[in-house]
Amino acid sequence: MWDGPAISIATPLRHWAPLPTQADVVIIGGGIIGICTGLFLARKGLSAIILEKGRVAGEQSSRNWGWIRQQGRDEAELPIMMESIRLWEELDRQTKGATGFQRTGVVYLASTRKELDALEAWLPVAQRHGLDSRLLGKAEVTQLIRRQGSGGHEWIGATHTPSDARAEPWQAVPALADLAVAEGVAIRESTAVRSLDIQGGLVRGVLTESGRISCDKVVLAGGGWSSLFLRNHGVSIPQLSVRATVVRTAPLPDFHSGNAVDRELAFRRRQDGGYTLALGESHDHFLGPDSFRHFLAFLPTLKESLGITRLLPWAPSGFPDGWLTKRHWSADEVSPFERCRVLEPVTSPSAVKEMQRLFARRFPELGEPKILNAWAGMIDTTPDIVPIVDHVPQLPGLFVATGMSGHGFGIGPGFGRVIADMVAGDDPGHDMNRFRFSRFGGGRPEPGPSL
């Protein structure tokens, strides 16, 4: 079994644009949010350069499940996600099908009446927005997810959104990056932004490991690294990351062509005939200084996730919240972003075995699937599981889009379009109050020792 995704630090450089002396906008981070923001800025006639410390889509943008999901979204996210899925369809055409986009639906499966009631409680949100989500009974679930024989795990019902979709992350985000370059966006990999250049309290540029770029607008789309970057500038946001392990199976019979999940297991049909599997609600959190710094902010979420979040005692060396990771550095010294070009957490072997076991329980006629490869990613999250997408009041000229909480791949094009409008001073067309930077207390550092 090859342990790793298709994009890693070993992936050859594909983007090495010359470093300009000036740009309208500098985007920090070459994940799907940064790539889509750059694309839509170019379509507004603004010059943008995307600086990625490692590889485009090297972190969570290529390590996610590949779901493009409207179902189950926070209500404030839903209008942006509905726009995003339309944009996915357009972008797939513009990349000549390279993203792997297909509208195959999302199914949330319930094994108990309590679970089904909880799923049904979200349906009024869908109805208010004209979404095609509906409740399914046991017989309809059996028709949708085809199994031979009996004796496997039983689902009593589900909610289903046929207009939801899937894509192939390993190929989708690089394809979008190529599209952005074709439309005038500069992308440079293996180039870390060490800090902002602040003059007179305003953003006047960025200082990279390769030199300075003058600009008055910067978009921070650094995923799990965003909090660390902000902290070096005296701004604190409550953001933590969890590790999720994902696997790819060998080709299997097509028992379901879309995306489905119950409380224990998630599965998605792939273009190669296999399935992407993940644990439905289980993940790992490596304890680090921010775990304690933001303990009170995350306490309600922690209580809700008891039993599904495994706490591990030591954040690995080089991780954004590692115990030995620097929290403060100057622009003339090597930054943590250069010491860890691509965040590549090891997989959890026990999670892989659990996926095989759970799959065999649900599909006894197929048994434990053969695993071709496994990988892990770090999902950046906020206490309310809703992203921060806003300007940073303390640093005029800086915009942040982070804490996607596992939602970033699907909503990436929508937020990219929104952020481009925000940066350009245009109306984003959506109510952004839910995503405001100040909702966690204004972003000021907490009192106490600097860790």
Side-chain angles (χ1 to χ4, degrees), residues 5 29 31-37 39-40 57 59-95 98-108 122 125-126 129 131-133 159-177 179 221 223 242 244 246 257-261 266-271 276 278 280-281 377-382 385-389 401-419 430 434-435:
I32 190 164
I33 301 295
I35 294 297
C36 290
T37 299
L39 175 61
F40 287 104
E59 298 192 1
Q60 194 56 24
S61 287
S62 67
R63 297 164 185 261
N64 59 82
W65 297 359
W67 291 36
I68 300 175
R69 165 183 68 84
Q70 301 160 104
Q71 182 166 308
R73 292 275 180 171
D74 183 274
E75 187 161 8
E77 274 189 311
L78 186 54
I80 301 174
M81 185 58 227
M82 294 175 74
E83 176 187 357
S84 190
I85 206 165
R86 294 191 295 270
L87 290 172
W88 267 109
E89 204 155 34
E90 294 173 12
L91 293 169
D92 186 64
R93 288 195 298 270
Q94 291 160 8
T95 58
T99 71
F101 176 88
Q102 292 187 55
R103 285 187 184 261
T104 50
V106 159
V107 184
Y108 279 12
W122 184 82
V125 175
H129 295 270
L131 189 61
D132 59 344
S133 303
T159 49
H160 180 214
T161 305
S163 62
D164 278 341
R166 61 180 169 94
E168 301 297 334
W170 297 353
Q171 63 192 51
V173 183
L176 295 177
L179 178 64
V242 295
V246 188
S257 62
N259 318 314
V261 64
F267 47 94
R268 172 183 71 83
R269 183 71 174 175
R270 301 172 55 90
Q271 281 188 322
T276 293
E281 294 185 351
M378 299 300 294
I379 301 171
D380 52 301
T381 185
T382 63
I385 321 297
V386 171
I388 300 171
V389 181
T402 195
M404 293 294 150
S405 304
H407 308 166
F409 181 70
I411 207 168
F415 266 137
R417 200 280 303 159
V418 163
I419 297 161
H430 296 286
R434 182 80 168 96
F435 313 104

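Start at 1 with the first residue, then count along the sequence.
H129 places a side-chain heavy atom less than 4.5 Å from the side chain of P79. Looking only at side-chain heavy atoms (C-beta outward), E77 and P387 come within less than 4.5 Å of each other. Counting heavy atoms from C-beta outward, F40 and V418 have side chains that stay 4.5 Å or more apart. T161 has its side chain within reach of D132: a pair of non-hydrogen atoms, C-beta onward, lies under 4.5 Å apart.
Of all the heavy atoms in G414 and I80, the pair that sits closest is C-CG2, 3.8 Å. Residues W65 and A278 approach most closely at NE1-CB, 3.2 Å, considering heavy atoms. Annotation for P174 and A57: closest pair CD-CB, 4.4 Å, computed over non-hydrogen atoms. For the residue pair I379 and A244, the shortest heavy atom distance occurs at CD1-CB, 3.9 Å. Residues G403 and D380 approach most closely at N-OD2, 2.8 Å, considering heavy atoms. For the residue pair A167 and T99, the shortest heavy atom distance occurs at CB-O, 3.4 Å.
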Report task. Please lay out, stage by stage, how I385 and D74 fare under the test side-chain contact (heavy atoms from CB on, under 4.5 Å). Result -> CA-CA 9 Å; I385 321 297; D74 183 274; over 6 Å; no

Query raised in the report: Under the side-chain contact (heavy atoms from CB on, under 4.5 Å) criterion, do V107 and T159 qualify, and how do the steps go?
Result: CA-CA 6 Å; V107 184; T159 49; over 6 Å; no

Report task. Determine, step by step, whether R270 and T276 satisfy the side-chain hydrogen bond (donor to acceptor under 3.5 Å, both in side chains) criterion, reporting the C-alpha distance in whole Å, the side-chain angles of both residues, the deciding distance to 0.1 Å, and the verdict. Result -> CA-CA 7 Å; R270 301 172 55 90; T276 293; 2.8 Å; yes

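The side-chain hydrogen bond (donor to acceptor under 3.5 Å, both in side chains) search around S84 returns none, not counting sequence neighbours.
With V106 as reference, Q71 is the one residue of R166, R268, H160, Q71 to meet the side-chain contact (heavy atoms from CB on, under 4.5 Å) rule. Residue I32 forms a side-chain contact (heavy atoms from CB on, under 4.5 Å) with just one option from T37, L176, N64, and that option is L176. Each of R69, M81, Q70 was checked for a side-chain contact (heavy atoms from CB on, under 4.5 Å) with I411, and the lone residue meeting it is M81.
Residue pairs meeting the ring-ring contact (aromatic ring centres under 6.0 Å, His included) criterion with at least one member in residues 73-95, sequence neighbours excluded, are W88-F409.
Under 3.5 Å, the side chains of H430 and E83 contain a donor-acceptor pair of N or O atoms.
With salt bridges taken as basic N to acidic carboxylate O contacts below 4.0 Å, none links E75 and R434.
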